[in-house]
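Below: one structure, written as structure tokens.
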Amino acid sequence: MNTDRKIPDVYGRIWATVEKIPRGRVSTYGTIARLSGLPGRARLVGYAMFNLPEGAGVPWHRVVNAAGKISLPHGRESRRRQRLLLEREGIAFDGDKLDLKTVGWPPASFRG
DNA sequence: CTGGTGACCATTA
DNA sequence: TTAATGGCCACCA
């Protein structure tokens with residue numbers, strides 16, 4: 001394969017995990033990191049999202065922080081777009097945050 | 001090499 | 001509840 005790739009394949013692994021988030025659900029940076037085999041590297045997931053090319057087909061909007069809030073800074077266009085895309089999928093917001101217990105993925109009942 | 005930054009998170013107080 | 005702290009690691013000047 002490609003032994004002299006410039007982009008770390010962890011990016012591709014992270015993006016592949018994000019693609020698994022079903023419509024109407026959200027996951028967190030830490031969870032994506034863990035499911036990608038990169039426990040404790042939540043910041044790397046944020047970095048991978050930041051460097052995500054547009055039109056890649058990755059549902060980046062379904063990734064929020066552990067507090068259940070959109071992590072993009074205020075005033076940024078993509079922040080408003082993320083909220084819009086989530087509400088479009090039927091996700092309800094209470095102020096700035098959503099309920100991870102309800103719309104979080106994987107669901108809490110995953111275990112067992 | 002060093003130091004700063006960031007779409008993070010768990011712990012502690 | 002908020003705030004501070006340490007850990008994490010790719011990238012850049």
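Everything numeric in this text was worked out from a predicted model, so none of it was measured. Values below: all heavy atoms of this structure, side chains included; hydrogens, waters and symmetry mates excluded. First the proteins, then the strands, lettered A, B, ... as listed; each starts at 1.
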Subject >> Side-chain donor/acceptor contact of A/Tyr47 with base of C/dA10 under 3.5 Å >> reply: no
How many whole angstroms separate atom [atom1] of [X] from atom [atom2] of [N]?
X	N	atom1	atom2	result
A/Leu100	B/dC9	CG	C1'	13 Å
A/Arg41	B/dA10	CZ	P	16 Å
A/Met49	C/dC9	CE	C1'	16 Å
A/Leu38	C/dA10	CG	P	10 Å
A/Arg83	B/dA7	CZ	C1'	17 Å
A/Asp94	C/dT1	CG	C1'	15 Å
A/Leu44	B/dA7	CG	C1'	12 Å
A/Tyr29	C/dA10	OH	C1'	16 Å

[X] side chain: which of [options] is closest?
X	options	answer
A/Phe50	B/dA7, C/dA10, B/dA10	B/dA7
A/Asn65	C/dA10, B/dA7, B/dC9	B/dC9
A/Gln82	C/dA10, B/dC9, B/dA7	B/dA7
A/Lys97	C/dC9, C/dT1, B/dC9	C/dT1

Original post:
Does the side chain of A/Val26 come within less than 4.5 Å of A/His61's, by heavy atoms?
Top reply: no
Subject >> Side chain proximity check, A/Val63 to A/Thr28, heavy atoms < 4.5 angstrom >> reply: no
**OP:** Could you tell me whether A/Ser78 contacts a base, only the sugar-phosphate backbone, or nothing, with contacts defined as non-hydrogen atoms closer than 4.0 Å?
**Re:** nothing
Subject >> SB check A/Arg25 A/Glu89 (cutoff 4.0 Å) >> reply: no
Original post:
Want to settle it: does A/Gly40 or A/Asn51 sit nearer the 5' end of DNA chain C, counting the closest nucleotide to each?
Top reply: A/Gly40
Donor-acceptor contacts under 3.5 Å from residues 33-40 of chain A side chains, at least two apart:
from    : atom 1 : to      : atom 2 : distance (Å)
A/Ser36 : OG     : A/Thr17 : OG1    : 2.8
A/Ser36 : OG     : A/Ile32 : O      : 2.7

Original post:
Linking I/L/V/M/F/W/Y whenever any side-chain heavy atoms sit under 4.5 Å apart, do A/Val58 and A/Phe50 land together?
Top reply: no
Subject >> B/dA7 versus C/dA13 - spacing of their C1' atoms, nearest Å >> reply: 22 Å
